[in-house]
Amino acid sequence: MFITSSTMRKMLKEAGATRVSGDACTELQKYVNRIAYRTAEKAVMLSKHAKRKTVAAEDIRLACS
């Protein structure tokens with residue numbers, strides 16, 4: 001996994017959670033990693049379509065929309 005469980009715990013705490021179970025961190029981690037990976041794939045596809053080797057911020061924005 002790309003994004004750690006401890007990062008998910010911090011995110012949930014910053015969102016206002018008082019306590020966070022390990023299962024909650026794991027589930028959020030799976031979901032966020034899946035979404036981030038799909039977005040990365042789309043961004044790479046967009047940069048290749050534009051005949052570029054570098055993924056630009058605009059590719060990420062377009063992949064997210």
Side-chain angles (χ1 to χ4, degrees):
M1 300 227 173
F2 303 102
I3 300 170
T4 64
S5 182
S6 63
T7 301
M8 296 297 100
R9 182 177 301 282
K10 287 178 191 175
M11 187 181 299
L12 288 163
K13 291 274 192 168
E14 285 185 25
T18 305
R19 297 175 63 192
V20 180
S21 73
D23 289 344
C25 290
T26 302
E27 285 304 310
L28 183 58
Q29 179 186 24
K30 288 177 189 175
Y31 177 76
V32 170
N33 277 303
R34 191 170 45 247
I35 297 301
Y37 190 80
R38 287 182 193 155
T39 302
E41 285 181 319
K42 289 178 187 177
V44 169
M45 185 177 59
L46 289 164
S47 68
K48 285 182 180 179
H49 179 73
K51 296 183 173 52
R52 288 184 281 107
K53 292 182 179 180
T54 304
V55 176
E58 185 63 22
D59 298 323
I60 301 295
R61 284 196 247 356
L62 288 170
C64 289
S65 61

Review point. How many angstroms lie between atom CD of Q29 and atom CE of M11, to the nearest 0.5 angstrom?
Key: 11.0 Å
Practice item. Please list, chain by chain and in numerical order, all residues satisfying salt bridge (Lys or Arg N to Asp or Glu O under 4.0 Å) with K30, sequence neighbours excluded. Key: E27
**Study point:** Gap separating the NZ atom of K10 from the SG atom of C25, nearest 0.5 angstrom
**Key:** 11.5 Å
Review point. Are any side-chain N or O atoms of T7 and backbone N or O atoms of I3, one a donor and one an acceptor, separated by less than 3.5 Å?
Key: no
Review point. Counting only N and O atoms by type, is there a donor-acceptor contact under 3.5 Å from the side chain of R9 to the main-chain atoms of V20?
Key: yes
N/O donor to acceptor pairs below 3.5 angstrom from side-chain atoms of residues 50-65, sequence neighbours left out:
residue, atom, partner, partner atom, Å
R52, NH1, T54, O, 2.8
R52, NH1, D59, OD2, 2.9
R52, NH2, D59, OD1, 2.8
R52, NH2, D59, OD2, 3.2
D59, OD2, A56, N, 2.8
R61, NH1, A57, O, 3.0
S65, OG, L62, O, 2.9

